[in-house]
Amino acid sequence: MSNITDIRLKRDAGFIAEVEAASGQKLSTCYQCGNCTAGCPAGFAYDKQVNRIMRGAQLGLKDDVLNSRAIWMCLSCFTCSLRCPNNIDVAAIMETLRHMARKKNMVSVRKVEKFWFSFLNTVRAFGRSWEIGTMALYMLRSLRVFTDIDLAPEALKKQKLPFKPYVVPNGGAGAVGRIFKRYRERADREGVRP
Amino acid sequence: MSAIRFVTSEGLPTFLARLSRNSRVLAPVVKDSPKPSVMFEPWRESMPVILKKATVPPKDAVLPQCESLFVYKKSKNADNPENVALHLDDTAHATPTVIFACRPCDARGFAVLDHPFLDGQFVDPYYKARRERLAVITITCSSGCNTCFCHWVGGGPTSPEGSDVLMTEIDDGFVLQSITDVGQKLLDATDLSDGKDAFPKVEAARKAAWTSLVPAPDIKKAPQNIAALFNRESFWQKHASSCLSCGACTYFCPSCYCFNITDEGDGFDKNGGRRLRSWDNCMSSLFTREASGHNPRTMKAIRMRNRISHKFSAYPRNWGNFSCSGCGRCIGNCPVCLDIRDIVQDAVAVADSDV
Amino acid sequence: MRIGVFICHCGSNIAGTVDCTKVAEIAKKFPDVVYTAEPMYTCAEPGQTAMEDAIHEYRLDGVVVASCSPRMHEATFRRTVERAGLNRYMFEMANIREHVSWIGKEKDANTNKAAELVEIAVAKLRNNRPLTAKTFDVTKKVLIAGGGVAGIQSALDCADGGVPVILVERESTIGGKMAKLDKTFPTVDCSACILGPKMVDVAQHPNITLHAYSEIEDVSGYVGNFSVKIRKLATYVDWEKCTGCGVCSEKCPSKKTPDAFNEFTGTTTAVSISFPQAIPKKAVINARHCRQLTKGKCGVCAKFCPTGAIDYAMQDSIVTEEVGCIIAATGYDLMDWTVYREYGGGAYPDVITSLQYERLLSSSGPTGGHLIRPSDGGEPQNVVFVQCVGSRDKSIGRPQCSAFCCMYTAKQAVLTKEHLPESQSYVFYMDIRAPGKMYDEFTRRAMEEYGVEYIRGRVSAIYPDGLGQYVVMGSDTLLGEPVEIKADLVVLAVGIEAARGTRALAEKLRISYDKSGFFMESHVKLKPVETNTAGVFLAGVCQGAKDIPASVAQGSAAAAKVMALFARDKLENNPQIAFVDLRRCVGCGKCIRCCPFGAIKEKDIRGETKAQVIETVCQGCGLCTSTCPQGAAQLSHATDNQILAEVNALCR
Amino acid sequence: MNYAYYPGCSTQGASTDYEKSTRAVCAALGMNLVELPEWNCCGSTPAHAVDTELSAALCVRNLDIAARQESETLLTPCPSCLSNLKHAAKRMQNPEARARVNELLDNPAASEFPAVTSVMQGMAAHLDAKEIASRTRKSLSALTFAPYYGCLMSRPAEIMKFGDPENPTLMESLLTACSATVLDFPLKTACCGASYGIPERSMTARLSARILQLATDMKVDAIVVACPLCQMNLDLRQPQAEKAADTRFAMPVLYFTQALGLAFGFSPDTLGLEKLRVSADSLLRKLGTGAANAAGSR
Amino acid sequence: MPVMEGKELRIVGFLCNWCSYGSADTAGVARAWQPTDLRIIRVPCSGRVDPLFIVKSLLNGADGVLVAGCHPRDCHYSAGNFYARRRLEVLKRFLPVLGINDARFEYTWISASEGQRWQQMVTSFTNRIHALGPAPRFENATPLPKVVGMALPPSSRPLGTGKNAPLDDLKQGIKEKLPDLECVIGWQRGYDGVHTAPLFMKIPEDVEKLVWGPFNVANPAVYLPKFKGKKVGIVVKGCDSRSVVELLQEHLVAREDVTIFALPCQGTLDMSRVKEKLGRYTVVDNVVCDETEVIITVDGKKHRLPMNDFAQVKCRLCTKPMAVFADTPLGESPEVEIATHVPPELALLDAMNLDERMAYWSGQITRCLRCYACRNACPMCVCRDYCVSDSRDPRWMTQEADVTQKLFFQAIHALHLAGRCTGCGECQRACPVGIPILALRQQIARTVEELFDDYRAGFDPAAVPPLLSYEVEEKSIREREWK
């Protein structure tokens, strides 16, 4: 078995089409100048740089791309989109890939997703986000105890973190909860991971 | 002895339905538009019965706006492409037709057309075929109007010329009187009740129509007087200065019959080639434009002279009567209100004063 | 008519997917077709001979060839039918190869389509009329717009060939961009040293009339007979008297005049000669900075001029030249790179253009060839070159490659090392485009011998680090990593665009220009020097990005075109032009208003105003025909009836 | 003049100082902020990172509430909320997407929403620089600021409509109106690391350090921000950044509303300056404001 | 040769020789497979494509028409495609008013090198036409029998009878200028008191015949071109003056040759409604005007006709009661706001779908006798005796009396009026069978207004008509996306 990439066999045309449709971008316009990588503030935390993600998507190397860490570390700051000489909304492609990976349960950086869910769970419950709740949930999920423990004393001292969540009154929290409920039900119906 | 029948207003649709069994019945129909017009169209059941004077006379029934005189098909043999076979079909097609409720002036138009198409040296087979299958039911007018002048030119609101049946409205319905054998046969074939008893009312109505008319001037001298003015360009210029050279007069005239002949198609396709006869308009400069480009009548005054002379001078010299039935459509339709009556009267007067 | 139809098999190119025999069978049934044939290769000599024979044998007076595109062989077959005695316009083509056999998969449908295309061609041909060309005289003189290296080459070649040349240059000196360069790649010769002698030749050639500091005001006429108005801009110095001694400039008190020749890297005086080797070597007053002209008091130069050449009251003047051909050689400008806000948008003094760098390197430049940082005058240690700034960038509407930046960047990096041996250069590039003779070798040398670091990737941003250096945020796509370099000086290889005023000139010359403003050649491959206006030729970068040798070559090519045209005493027009049916014309002038060539004029015919086509000017677009409501203006060979015959063959 | 106002969750928790100072400054400018009743979280980054339609639904619920208010404009101080609300409004213009989002809501959303814009733009639209200058009671001429917008405020340009996405200058014009010296800060739209402080601390630390380092090198008195998350990363997490860069910054990070508030003469207390982790005392001293002690201390 | 039955549809392409035809060649050379429906007609330039070729194709059985030219700025003839763009865009927006789906016609730009794009374009256009199916044909349409009544738009100003107009001053003014003029065109009493006829005043006695008032419906400008090169005077209403302006713009009369006499107009009567109101009558006994009403007595019966109810629709929407300019203006020009009302004829069509429009026209146009009163009454129909409608060379039309021929003429007239029609309505007024053909001209005028900066014909003799000029970047024309 050779571990040389056979780009002919690995090419997934359906994947290319799916990325293009969902992001509204045309992958073949990328000419690999690397400007996205050059400007990406999160690049140092990536396993593959943005231009390599773009290249992988261009070639239809679905697994390579969807399994990358990079798509989870993208900050959605739009610097790449802004400076792309070919007007490609690279950030939209990164987000599209992230959505696709999530729906297919190919989450290579679980902690990021866990953080998101922790955040969204507080929103689902109360209608608004709640920092302490988010952090507590995140700690439970990620089994990381007090990642930001160094900040806590200062934050608490400055009363930056309310101990009680704010519940949106007059049925507002319930309405938000129903949004989440319907979202989850629809995802189930459509057979994708919510 | 002519047949006289009576029909109530309500009975008209049944009468028309009966006529429609054997013939195409052309009856007036009001066309919806910002400026309503009345057109003759094939009558179908459930259509309302309209008795208004039509905007367009039923001339089309014998002289269509455009007809194929013949259709030709060409074909070639692949073995010898130089050899072209020609197949020509010049059958004169005619559908039995009844015109219902035209006016006496419209019916007189047919009488005008008959002379050149049927009575001259050459009989027009297409016209003849249609004319022979045509019956005309005319409704007499109950009054004159601002533009019509049938009584100036030998006709009148109840004139029977050109009609096969004359129909007159009385208070409770219509009396139909056959004028010709065709008319008699047509009425005999219906189950309309006898109308002899109502005939005095008809005569009264007809008389009333005549009395409503403004008295006509004497234009008997028109043929010779107009001929006398033939070379007086200034006269024609005066009367043609506002003319736009359109066909709103001639195309709506029950007695104009000038036509143009053109060929369309090379005959090789499925539609074949057509030799078309279409109405022509003597007021248009194209009327006499020759193939060379030369045109003896570039000036509209000279074209106006042609139209007036033909109707009131040349035609009468050939056939005895004016080729104008006084329907007045040319006056009412003219976008600039040219009045043929003025021209004829002026011609009579001017030529008289010359003497 | 007696029409012959030739259905070409083109080997199997057509016959492979079209049943040619069936098409011929069908064609036999079309009106006026008396003969059909199915040659294997109609364009080959036997095919052409057979066609000539058939024309004679079957007394054909019209021919349809169904084969390849008319853009390929229409001219060929027109000559064939002409040899057989027919008028060349009694010929039509049906394109059943490019438009049928090569693009349709199904033989049935292809055959049907081919037959129908033949039917259209026959329908059109039946309406064709023989057309003949007209002849006219030629003024054997050429006007060249632009005195850069391309224009200079054209001028010298034409002049040497005995053709009188009018050379018009907008600046006060000829030489163009090349005169500003320090060295040229790949030989690293001195630019001024190789261009200088040619400039002197221009000045001395008896066949060349030079109008420097002049612009083209208006062009009228047509090939062989152009009339060009030239606006000679006011120099405020009588050049008849000026000896170029330079005293005026020495004495001028207005010392802070921006120096355009030095790309604003330095200053000059309000009255000056742009550079020592200028041709003509004459002084010009910059009216916006001259104290006498702006404030009304000074007059120093007039006082010191030994020949009394200064004339503050001078006005623009217009001269008219009659010529037979025009060569446009108007060159280029750098695009406005300050749209790149991420590179500072022009706010950082040490982020400069390549042309500015060229002046900093040049010994005739503002620093006398001493390489320093504009901000503090220090010698830069780390110099970063950024390529493709304003090239290959769709996001700012400039997708095209500027063609020569790769090479001059390598040259500048090499020169940097030569000037400052301790320095280190970095080049951010996307692709190295070095296809010329010795070019790739040169870039290799830059890397191997001069230690220039080439980094494959675009630069996302440049910003000052607050400590005197600039952070260049780039990426190395080969390494697959973002990279950052702290630079002392950043040189941007700024993309080029057509010189300012190019579009206006294009409209005067009635030629087209592309999205970037470069003049359009007549055919991208086969007519790179011609334009669509007969008698107007192109040389140099005004037609598209190219380097010096290519510009020189095109300059010579344009000269050759001019001389080929002037080799004939009379010219023939293309008879596929418009004509006016005078009877139908009502003199409304709509055709005159919209004719792109000014080829229709009003004419009084027996007291009536009518339109008349100037046959030598009409190019045959047919706009007048589709404009004329009464169908009086008709385009020969594409008359309403001819196109209607085609429409009617398809739609009935 | 009344403005519908969407504060966003941060201003209710970690960034109450932003909220306080925003309300104070707006009141001073004659802008009456009418908080949306029963507003909910916009979903922030997690929602759109998980699913665009979920994110849109959360935002649209708020937009729908706003549509029922009288105001033509909806203001929000938080760029992240702004971005989400604007993206959602844009998404709703597509009938297909609208239908999918409506499916998630209790009731279909209104067909048109009020325009959403930032408090900063709202201020600039409400009064011009001259009028703002006329309301200052205390010149900030002693202070030099680095304006920092973060990455979201101006991008994507066609949605955010915040001027040049590479070089927004609105904050400069407000601060200059208060006579402050505002430097051209090259990293004004660089990313601070956003919400990755929790799951990937090294990211925010490194990115914030870069910004803090440049500001320090440029010798400014403070960084002025417009985003709660940026402020948290640059201020509360400053020690983390210092650790990553192995240096000490001690760089105060103010909300622009706090800076404007100082110029309008509000007390540090009113502006919530005590909430800052890196004390703003140094600034107050330069301004000669007596209440230096109120600005909190380490 | 028919299309492949059931397989192909009739698609006609007009391609410029230099770019688009080349792109089709390039696609061929690249063996870029395409549907076989398209038949290409090669023309020198997209500017050569008279929009009428497209109308003719679509009326005669084409299911789709594609025009392709060089990209803007790349035209071999510099500007042909710029003109084409304007004309084809006008056409594109005109087709639907006839009931023809504008998706059946497309124009685009493509260069000789864009073979692949050509392939995509042919494929997508052919797919589009197949999705639309065979084009419905006018001759097969079931005529729409009943036309919904057209609501009168509110009047933009108070209408009146013009009773107090200074007619005597006008007569005096004309008499003063008459010695220098060949004649002065105006109106006189027609064959009865409710009709007027054109008047050509040559001697002072003629001037006495001049009338002014609501019966002056005809547009005298129609006679002006005949007097080209002669000194002539003309009395105009505001609307008539716009026609004069257009004739000046087209150099069909010279400003120095024409003397314009003008009075402010308070509206003219819609004669067809007057006729309906009066019914069949023999004699007009009396016509009296008060300020707002005309009182007509015929055959002893009195009819009151308030101007507000009986004025022409164009008068209700009129924004120019007084001449655009005049040599002898009498009276003040009232300021009228530009009405935004869609004329009722057009509003009626706007409310219909394409099928209904096709049925509508097929029902209306059958009445046409091709008398050409519409054309000859049109002051802008300057071709006069050389109209292409009855010419054999060029031969656009046959003499056949079918729906397509009749409608094609109306399309010719409308398209030839693009940017020139002032909406005087003479075409419709002249039509003896009342076909509401004005709507077609109104659609053209509306399109021109929309596309070219609210351009309205007949206000500025120095204006360059929009169809005879172009912008390199058109503000209101966006070339369509190909999807």
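Residue numbers begin at 1 in each chain, while the letters A, B, ... track the order of the sequences.
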Winner by heavy-atom pair count (cut-off under 4.5 Å) against chain D, out of [options]:
options	value
A:A175, A:A91, A:S118	A:A175
A:F44, A:F115, A:Y166	A:F44
A:R128, A:R83, A:R102, A:K181	A:R128
A:D89, A:L120, A:V109, A:V123	A:L120

Might you point out which heavy atoms bring [X] and [Y] nearest each other, and give the distance in Å?
X	Y	answer
A:V176	D:L58	CG1-CD2, 3.8 Å
D:A194	A:L75	CB-CD2, 4.1 Å
D:P199	A:Y138	CA-OH, 3.5 Å
A:S76	D:H48	OG-CE1, 3.9 Å
D:M203	A:A45	SD-CB, 4.0 Å

Per-residue contact mode, [X] against chain D (heavy atom under 4.5 angstrom):
X	value
A:W72	backbone
A:A42	both
A:S81	neither
A:M73	both
A:K114	neither

Surrounding [atom1] of [X] (heavy atoms of other residues, nucleotides or ligands, distance under 6.0 Å), is the total greater than 12?
X	atom1	result
A:E190	CD	yes
A:R184	CZ	no
A:K104	NZ	yes
A:D6	CG	yes
A:I7	CD1	no

Checklist line | Separation of A:F78 CZ from D:S154 OG (nearest 0.5 Å) | finding: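 Atom-to-atom, D:S154:OG and A:F78:CZ are 11.0 Å apart.
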Check: Would D:C41 and A:F119 satisfy side chain to side chain contact (heavy atoms under 4.5 Å, CB included), going step by step from the backbone distance to the final call?
Finding: CA-CA 10 Å; D:C41 173; A:F119 179 91; 3.9 Å; yes
May I ask you to name which of [options] has the most heavy-atom pairs under 4.5 Å with chain A?
options	answer
D:T52, D:I65, D:D51, D:L236	D:D51
D:C151, D:A49, D:C191	D:A49
D:R61, D:R210, D:R155	D:R155
D:C9, D:C42, D:A14, D:S202	D:A14
D:P165, D:A190, D:S83	D:P165

Notebook entry, point to check: Yes or no on side chain to side chain contact (heavy atoms under 4.5 Å, CB included) for D:V50 and A:Y183, after CA distance, side-chain angles and deciding distance?
Noted result: CA-CA 11 Å; D:V50 165; A:Y183 165 70; 3.8 Å; yes
Would you mind checking which part of [X] comes under 4.5 Å of any heavy atom in chain A, side chain (CB onward), backbone (N, CA, C, O), both or neither?
X	value
D:E103	both
D:R206	side chain
D:S15	neither

Check: Given the rule in the side chain to side chain contact (heavy atoms under 4.5 Å, CB included) test, do A:V112 and D:E200 qualify, once you have shown the distances and angles that lead to the verdict?
Finding: CA-CA 8 Å; A:V112 171; D:E200 190 66 42; 5.6 Å; no
Note to self: Between D:L54 and A:F180, is the side chain to side chain contact (heavy atoms under 4.5 Å, CB included) condition met? List the steps.
What the structure shows: CA-CA 7 Å; D:L54 174 63; A:F180 279 92; 3.9 Å; yes
Next item on the list: Have a look at A:R178 and tell me which of D:L104, D:L105, D:D106 forms a side chain to side chain contact (heavy atoms under 4.5 Å, CB included) with it.
Entry: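 The single option meeting the side chain to side chain contact (heavy atoms under 4.5 Å, CB included) with A:R178 is D:D106.
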